[in-house]
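Report on the structure given below.
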Amino acid sequence: MTDTTTFDWRSFLLGWSGEWADSLPEDETRSEDDEAARRVRWLGFPPASEERIAAVEERLGRRMPPSYREFLKVSDGWRHAGGFVWLLAGTESVRWHGNESGLADMFEEYLAEDAGPEERREADLWRRGLQLDVKSDITHVLMDPEDVDEDGEWAVYTWASWRAAPPERHANFLEFMRDMYREFHSLRARRGDGDEEPAFANDTTRELDALVAEARCEALRGGWERAREMLDEARKYGRPRAAGLGDQIRRLLGQTYMVYFEDLVADPRYAPELLPPLVAEYVAHSYRDDSTLKYHLRGAGDDLVDLAYATLERVRDGTYRYTAAGPFGEAVERARELARWGDADGAWRALRDALPLWEPLGPDHLAPLGWVADPLLGPLLTPERGRELLSTPRGGQAGGTPAGAPEPTAGLDPDGLAWLAEPDPGNNRTSYRFVLVEGVEPEELPGRLADGSDAALNEPMTSWEARTRLRGDRTEFSSYDDKALMAVGRAGAGWSFAFDGSPAPFGRQRFVSPAAAASEGGRAVVVWSGLRTGQGESFFHLSVARDGAERYAFTFADGEVLRNGEIPRALDPGRFFGDPAGGGTGHGADTERLLLEAVAREFGVTLPRHALVHGRLHTFTTRSWTRPPRDGEGYLVIRVGRGAAGPVGGGRADGERAGGEGPGNG
């Protein structure tokens with residue numbers, strides 16, 4: 001931070017004045033004061049003497065903060081501080097605000113009843129503040145005598161009702177003036193003529209544009225932090241490309257607020273990469289007034305605007321698919337294939353390892369971005385992974401840091417199954433069921449666990465989408481039917497899984513394990529856990545089958561364990577629930593975790609947490625997990641949209657198997 005007492009105010013103000021004078025169009029109509037300032041290239045006034053400064057301090061009853069005092073010694077006031085303050089106070093016009101505008105009353109009126117002391121102190125600024133604005137576009141500038149730092153500097157606050165934002169704080173008067181200088185530059189920079197050199201050009205703009213070019217190279221070398229700082233500085237001055245380049249870095253860090261890729265998103269060269277993440281934000285926040293998208297495409301041709309809206313629809317309906325050229329594009333396809341079967345960590349490694357081979361679409365393209373809008377690849381991004389990507393040299397650039405390649409980020413998926421016993425902050429999962437099948441690919445699972453039209457995979461969806469879209473298509477519901485909507489993927493070497501995170505209530509008397517039907521030609525494992533349901537009795541079921549026949553199973557429910565077959569010692573329920581003869585009662589998260597660890601060790605399996613909780617997976621609907629009703633057992637069928645609520649019936653229809661008793665299928 002600059003020492004406010006030694007800052008060279010004269011050089012700063014002279015440079016500002018000269019750039020202001022040079023920026024004025026020759027044919028512009030100006031006031032006499034402005035024309036005089038243009039001719040002499042000076043926006044200020046004669047300096048204030050020490051006696052004059054002391055006199056105003058005596059009038060106000062306070063010593064002025066150091067940076068404002070030093071400013072007054074060079075210029076006793078200032079014209080055109082930024083774009084909206086036309087005259088800034090000197091010693092003659094500076095005064096206490098005293099709520100003259102009624103703003104204190106307004107801010108206090110909008111305070112919540114439980115507003116704290118800090119909020120009330122902020123509202124009171126309009127009573128105690130020192131007013132610096134003399135003429136402005138309804139823009140208020142106040143110095144706060146109660147917001148003072150260790151150097152005696154007062155914070156400066158600016159506020160304009162038309163900005164629809166809270167008062168902006170500047171650390172001191174020097175920082176306020178620097179911000180107003182940047183605002184002046186930013187407003188003048190917008191007067192450029194298309195692709196030609198901007199009309200507003202001077203030593204400052206040329207220096208900043210060189211900074212932007214340096215930042216681009218630094219970013220491609222992996223020095224994203226330094227690049228971001230340089231781009232942020234240039235952005236404050238409104239330099240072309242600075243915002244668009246900086247937004248690319250911000251988006252990969254997981255930041256989406258006010259990220260619009262300005263100056264670049266309307267360029268057809270970069271549209272394939274920048275449009276998808278831009279429109280994905282509209283989808284994520286359920287924007288339905290799509291006309292606002294066009295606002296961020298100012299300068300774009302009709303073809304690009306049409307592409308933007310087409311991309312918006314593809315992202316909205318989940319059909320957008322990111323592609324890229326060359327070796328990196330091949331890695332993208334490998335990553336999508338891994339992600340759609342749940343291997344989020346493998347998919348990320350495929351992208352990360354190919355990053356050095358990635359080539360930009362043009363000189364202002366810093367990193368691959370379109371993939372964050374891909375329904376399968378987007379969930380791979382975390383802030384940590386974004387930093388890893390940005391730290392990786394790419395686009396033909398060698399690493400610019402002594403540390404070399406960045407350290408790989410930790411994987412998102414823990415090994416094994418024990419993570420299922422941890423509370424899920426997303427939906428507080430307490431019950432779930434899954435089927436593990438050995439020696440088959442995930443796409444083969446519907447053929448083993450479903451019938452008829454259900455024996456096909458749906459397109460990848462989130463668990464919420466699958467429940468709302470697919471279950472919403474059902475027209476018949478039965479109290480004896482328990483068809484599970486299950487996500488599928490790979491469960492480790494040689495295994496596939498089908499997982500249901502929101503199962504129906506467990507009915508031990510009518511439950512039929514799908515293990516036997518799923519195990520033709522290998523092994524199948526079924527787990528149904530409800531040890532933390534919090535509703536009724538807790539339960540846990542395990543069944544294992546091979547070559548179409550159940551080998552062993554046990555069910556813990558109602559405080560007792562029912563078992564079937566020769567259960568391996570590693571999975572013996574007595575190790576987890578106590579002696580079944582004595583009515584073992586062990587249950588809860590600790591027991592669940594131990595059981596899941598044992599299953600994972602016994603079969604060498606794992607389930608992908610990130611894909612199941614945050615990603616998109618293929619789904620299908622299984623055949624019922626309960627047997628048909630027997631004679632005398634009542635049930636209810638509800639049909640929706642067919643003109644009738646449905647009959648109440650009982651008994652078993654001809655040809656339906658009743659099933660047998662036992663812990664595996666009874």
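For the single chain, residues carry numbers from 1 onward in sequence order.
In this structure the side chain of Glu233 never reaches within 4.5 angstrom of the side chain of Arg239, judged on heavy atoms. In this structure, Phe328 and Pro368 have side chains that are in contact, with non-hydrogen atoms separated by less than 4.5 Å. Val332 has its side chain out of reach of Trp371: every pair of non-hydrogen atoms, C-beta onward, lies at least 4.5 Å apart. No side-chain heavy atom of Val435 sits under 4.5 Å from any side-chain heavy atom of Val525. Inter-residue side-chain proximity for Val527 and Phe540 is flagged as met; some heavy-atom pair is nearer than 4.5 Å. Side-chain atoms of Leu220 and Arg394, non-hydrogen and from C-beta on, do get closer than 4.5 Å to each other. The shortest side-chain heavy-atom distance between Val372 and Leu252 falls under the 4.5 Å cut-off. Here the side chains of Leu369 and Tyr270 are not in contact, with every heavy-atom distance at 4.5 Å or above.
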Assess whether salt bridge (charged side-chain N to carboxylate O under 4.0 Å, His left out) is satisfied between Arg385 and Asp345, documenting all intermediate values.
CA-CA 11 Å; Arg385 284 177 168 175; Asp345 290 340; 2.8 Å; yes
Determine, step by step, whether Glu273 and Arg251 satisfy the salt bridge (charged side-chain N to carboxylate O under 4.0 Å, His left out) criterion, reporting the C-alpha distance in whole Å, the side-chain angles of both residues, the deciding distance to 0.1 Å, and the verdict.
CA-CA 12 Å; Glu273 289 279 358; Arg251 185 61 186 86; over 6 Å; no
Go through it in stages, so that I can follow the logic: the residues are Glu218 and Arg221, the test is salt bridge (charged side-chain N to carboxylate O under 4.0 Å, His left out), and I'd like the CA-CA distance, side-chain angles, deciding distance and then a yes or no.
CA-CA 5 Å; Glu218 181 68 13; Arg221 288 194 295 265; 2.6 Å; yes
Assess whether side chain to side chain donor-acceptor pair (under 3.5 Å) is satisfied between Glu388 and Thr409, documenting all intermediate values.
CA-CA 7 Å; Glu388 183 182 8; Thr409 54; 2.8 Å; yes
Begin from the C-alpha positions of Arg336 and Glu333 and carry the test salt bridge (charged side-chain N to carboxylate O under 4.0 Å, His left out) through to its verdict.
CA-CA 5 Å; Arg336 291 187 91 260; Glu333 293 306 311; 5.1 Å; no
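With hydrogens and angles disregarded, no donor-acceptor distance shorter than 3.5 Å links the side chain of Thr621 to the backbone of Asp454. Side chain of Arg609 to main chain of His614: no donor-acceptor pair is present (N/O by atom type, distance under 3.5 Å, no hydrogens or angles). In terms of modelled atom types and a separation under 3.5 Å, the side chain of Glu262 and the main chain of Ala243 share no donor-acceptor contact. A donor-acceptor pair is defined here as one N or O able to donate and one able to accept, closer than 3.5 Å; no such pair exists between the side chain of His185 and the backbone of Leu187. Side chain of His285 to main chain of Glu281: a donor-acceptor pair is present (N/O by atom type, distance under 3.5 Å, no hydrogens or angles). For the pair Arg490 (side chain) and Gly342 (backbone), a donor-acceptor distance under 3.5 Å is absent. Under the 3.5 Å distance criterion, the side-chain polar atoms of Ser496 are matched with a main-chain donor or acceptor of Val440. Between the side chain of Glu459 and the backbone N or O of Thr319 there is no donor-acceptor pair closer than 3.5 Å.
In this structure, a donor-acceptor pair under 3.5 Å is absent between the side chains of Tyr320 and Glu313. Judged by distance alone, the side chains of Asp415 and Thr606 never bring a donor and an acceptor atom under 3.5 Å apart.
Salt bridge absent: Glu443 and Arg340 never bring a charged side-chain N and a carboxylate O closer than 4.0 Å. For the pair Arg433 and Asp500, the salt-bridge criterion is met [side-chain N within less than 4.0 Å of a carboxylate O]. We find that Glu225 and Arg228 are not joined by a salt bridge, their nearest charged nitrogen and carboxylate oxygen being 4.0 Å or further apart.
Applying the 6.0 Å contact sphere to CG of Asp317 captures more than 12 heavy atoms from other residues, nucleotides or ligands. Enclosure of atom CD in Glu207 is not indicated, since only 12 or fewer non-hydrogen atoms of other residues, nucleotides or ligands lie within 6.0 angstrom.
Residue His296 holds its NE2 atom at 3.5 Å from OH of Tyr282, rounded to the nearest 0.5 Å. Leu457 CG to Phe620 CZ: the interatomic distance, rounded to the nearest 0.5 Å, is 7.5 Å.
Cation-pi contact between Arg235 and Tyr237: absent, since separation from the ring centre below 6.0 Å together with deviation from the ring axis within 45° is not met.
Under the 30°/60° scheme for interplanar angles, the aromatic rings of Phe434 and Tyr432 are found to lie parallel. Classified by interplanar angle (parallel below 30°, tilted 30° to 60°, perpendicular above 60°), the ring pair Phe506/Phe511 is tilted.
The heavy-atom pair separating Tyr260 from Val265 by the smallest distance is O-CG1, 3.7 Å.
Under the ring-ring contact (aromatic ring centres under 6.0 Å, His included) criterion, Trp419 pairs with no residue at all, not counting sequence neighbours. Residues that satisfy the salt bridge (charged side-chain N to carboxylate O under 4.0 Å, His left out) test with Asp232, not counting sequence neighbours, are Arg250. Scanning for salt bridge (charged side-chain N to carboxylate O under 4.0 Å, His left out) contacts around Asp179 gives Arg182, with sequence neighbours left out.
Leu596 pairs with exactly one of Leu420, Leu607, Thr591 by the side-chain contact (heavy atoms from CB on, under 4.5 Å) rule, that one being Leu420.
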